[in-house]
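Report on the following structure.
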Amino acid sequence: MTGTAEQAEARGGEAPGQDGTPADQTAQEQPPVKYSMSPGLSSFLGSNGIGLGISSYQSGKFYLLGQNTDGGLLVDERFFRKAMGIAVPDKDTLLLATLFQIIRFKNVLGPDQQINNLYDACYVPRELFVTGELDAHDVGLLKDGRIVFVNTLFNCLATPSARHSFTPLWKPPFISKIVEEDRCHLNGLAMEDGVPRYVTAVSKSDTIDGWRDRRYDGGIVIDVATGEIVIGGLSMPHSPRMYCGKLYVLNSGRGELCWVEPAPKAADATLHVVAFCPGFVRGLGFHGRHAFVGLSKPRYERFEGLALDKKLADADSEPWCGVQVIDLETGAVAHWFRIDGAIGELYDVAVIPGVLRPMSLGFASNEVLGLITHDEMDESASF
């Protein structure tokens, strides 16, 4: 989209420390973070009645974006150490995977309520499942209300356990056992109607750290129901999503938003490229005819040698960090949100329907101590 970039207004920032952010990472030691956006992004969010959630594991930040009352972009940011996968089961519920917890947030505001004379949704942590450090990636909600998440360290889909760190639910057929070894780098989860449909992995390796040798073209999409590989030959794929009957996936090592046309044999499946994005793509959401794609600056010591390097050079472009809104019909960038400075890597992007100005509460400030809400009296209660 053409036009001069606009600046975004950030609110709700918290001082690091209480949530596990290293105390020595002070604001004086970090280069300043700058947000910018395409001129039409905030009005696009407002006219569609949506907010946007973004996670950055690198900075430990969880962002909620919306249209401000003055028409500009409102950015609410909170600290959650190693913020990873986001799921939005409904407009009043958010799920977030973090370093050692899975968090369920609930919106405590009614349809006509506001907080701070500004926000029309306030997401408060109501359930925390302590899992330990599992390198949890994508997260979702099952039909029965249980949380399901990608347990990357143990190469499986799992749910929080009432007694233990997790309960394994499924593993790829090529993984021989549940063991604390990141073998295939299972990462992405596509949910449909409360059921896990597809997952992504960087390889089908069954040895510890074996995926690192298959980053260029060892990536796969797996059908959870059958255990069969739907398509292979991908480069570090992430964020599989079902949308309008199509399976979308980010071919991260090539910077591509794609959709998959399955075939009886994985070798005959077709990967359709919708758009190239100048960055390592992770995080994918949808609304209407648009896809919201997260971009990160690659860590070259880990991601060097990927096709993304050459594609950026051919496009005479530098990688950047932020979100691009892609028109699914044309592949063109309709809007964008960019982060410059100390933050260079994002993990997930999610659309929040029916909300204009969302905020959340974290644990690095005292706000969560003072916001008290309650249900109506249960007149039928008996003891």
*Is any side-chain heavy atom of His290 closer than 4.5 Å to a side-chain heavy atom of Leu328?*
no
_Point-to-point distance, once rounded to the nearest 0.5 Å, from CE of Met191 to CG of Leu142_ = 5.0 Å
*Residue Glu228 excluded, over 12 heavy atoms near CD under 6.0 Å*: no
_If you define the side chain from C-beta out and look only at heavy atoms, does anything of Arg289 sit under 4.5 Å from Thr330?_
yes
_Does this structure show an ion pair linking Lys265 with Asp268, if we count only N-O contacts that are shorter than 4.0 Å?_
no
*Of all heavy-atom pairs between Phe292 and Leu52, which one has the smallest distance, and what is that distance?*
CD2-CD1, 3.7 Å
_Let me confirm one number: the OG-CZ distance from Ser205 to Phe174, rounded to the nearest 0.5 Å._
8.5 Å
*Would a hydrophobic clustering, with Ile, Leu, Val, Met, Phe, Trp and Tyr connected at side-chain separations under 4.5 Å, put Leu95 with Phe62?*
no
*Would you say the side-chain atoms of Ser235 pair up with the backbone N or O of Asn251, donor to acceptor, closer than 3.5 Å?*
no
*Flag yes if Val150 and Tyr57 sit in one hydrophobic cluster, no otherwise; membership is Ile, Leu, Val, Met, Phe, Trp, Tyr, and two members link when side-chain heavy atoms are under 4.5 Å apart.*
no
_Could you see if Val293 belongs to whatever hydrophobic cluster contains Phe286? Use Ile, Leu, Val, Met, Phe, Trp, Tyr and a side-chain cutoff under 4.5 Å._
yes
*asked:* Return the NZ to CG distance between Lys106 and Leu94, rounded to the nearest 0.5 Å.
replied: 9.0 Å
*Which pair of heavy atoms, one from Ser296 and one from Leu346, lies closest together, and at what distance?*
OG-N, 2.7 Å
*Search all heavy atoms of Pro278 against all heavy atoms of Leu312 and return the closest pair with its distance.*
CA-CD2, 3.7 Å
*asked:* Checking side-chain contact (heavy atoms from CB on, under 4.5 Å) between His185 and each of Asp135, Asp209, Asn155, which is the one that passes?
replied: Asp135
_Check whether Asp223 reaches the backbone of Ala225 with its side chain - one donor and one acceptor, N or O, closer than 3.5 Å._
yes
*State whether Asp206 and Arg183 are salt-bridged, where the test is any N-O pair (Lys NZ or Arg NE/NH1/NH2 against Asp/Glu carboxylate O) under 4.0 Å.*
yes
*Between Phe129 and Phe100, does the ring centre distance come in under 6.0 Å?*
no
*asked:* Is the distance between the ring centroids of Phe337 and Tyr35 under 6.0 Å?
replied: yes
*Find the distance between CG (Leu295) and CD (Glu345) and round it off to the nearest 0.5 Å.*
12.5 Å
_Backbone N/O of Arg357 and side chain of Asp120: donor-acceptor pair under 3.5 Å_ = yes
*Glu256/Lys311 under salt bridge (charged side-chain N to carboxylate O under 4.0 Å, His left out): CA gap, chis, key distance, verdict*: CA-CA 10 Å; Glu256 297 170 339; Lys311 290 173 73 71; 3.6 Å; yes
*What heavy-atom pair brings Ile178 and Cys156 nearest, and what distance separates the two atoms?*
CD1-CB, 3.8 Å
*asked:* With a sphere of 6.0 Å drawn around NZ of Lys82, does it hold more than 12 non-hydrogen atoms of other residues, nucleotides or ligands?
replied: yes
*Are Leu186 and Leu189 connected in the hydrophobic side-chain network, where two residues link if heavy atoms are under 4.5 Å apart?*
yes
*Is a side-chain donor or acceptor of Ser252 paired with a backbone partner of Met236 at a separation under 3.5 angstrom?*
yes
*Got Leu73 and Leu45 here, is their nearest side-chain heavy-atom distance under 4.5 Å?*
yes
*Any chain of hydrophobic side-chain contacts (each under 4.5 Å) joining Ile54 to Val33?*
yes
*Is Tyr123 close to Leu361 at the side-chain level, that is, under 4.5 Å between some pair of heavy atoms?*
no
_Once you measure the plane-to-plane angle for Phe44 and His335, does it fall in the parallel (<30°), tilted (30-60°) or perpendicular (>60°) bin?_
tilted
*Can you check salt bridge (charged side-chain N to carboxylate O under 4.0 Å, His left out) on Asp348 and Arg282, steps first, answer last?*
CA-CA 6 Å; Asp348 210 357; Arg282 272 178 309 205; over 6 Å; no
*Can you check whether Asp375 reaches Asp378 side chain to side chain, under 4.5 Å on heavy atoms?*
no
*What do the steps show when you test Ser36 against Arg338 for side-chain contact (heavy atoms from CB on, under 4.5 Å), and what is the final call?*
CA-CA 5 Å; Ser36 58; Arg338 179 164 176 159; 3.7 Å; yes
*Do the side chains of Pro168 and Asn151 get nearer than 4.5 Å, heavy atoms only?*
no
*Taking atom CZ of Arg104 as the centre, does the number of heavy atoms from other residues, nucleotides or ligands within less than 6.0 Å exceed 12?*
yes
_How close do Ala121 and Asn107 get, counting heavy atoms only, and between which atoms?_
CA-OD1, 3.4 Å
_Checking Asn187 against Thr200: is there a side-chain donor and acceptor pair closer than 3.5 Å?_
yes
*Quick one: pull up CG in Leu356 and OG in Ser47 and give me the separation to the nearest 0.5 Å.*
10.0 Å
*asked:* Distance check, rounded to the nearest 0.5 Å: Thr167 atom OG1 versus Leu157 atom CG?
replied: 13.0 Å
*Is a salt bridge present between Lys143 and Asp193, judged by a nitrogen-to-oxygen distance below 4.0 Å?*
no
_Close aromatic pair by centroid cut-off 6.0 Å: Phe166 and Phe149_ = no
*Note: Asp138-Arg241 ion pair, threshold 4.0 Å (strictly below)*: yes
*Find out whether Phe80 and Leu96 are in side-chain contact, i.e. whether some heavy atom of one side chain is under 4.5 Å from a heavy atom of the other.*
yes
_For the backbone of Asp92 and the side chain of Asp90, can you confirm whether one donor and one acceptor N or O come within less than 3.5 Å of each other?_
yes
_Is there a side-chain contact between Leu247 and Pro262 in this structure, where contact means two heavy atoms from C-beta onward sitting under 4.5 Å apart?_
no
*Heavy-atom closest contact (His238 atom, Val249 atom, distance)*: O-CG2, 3.5 Å
*Phe363 vs Phe79, ring-ring contact (aromatic ring centres under 6.0 Å, His included): CA-CA, chis, key distance, verdict*: CA-CA 8 Å; Phe363 306 117; Phe79 285 95; over 10 Å; no
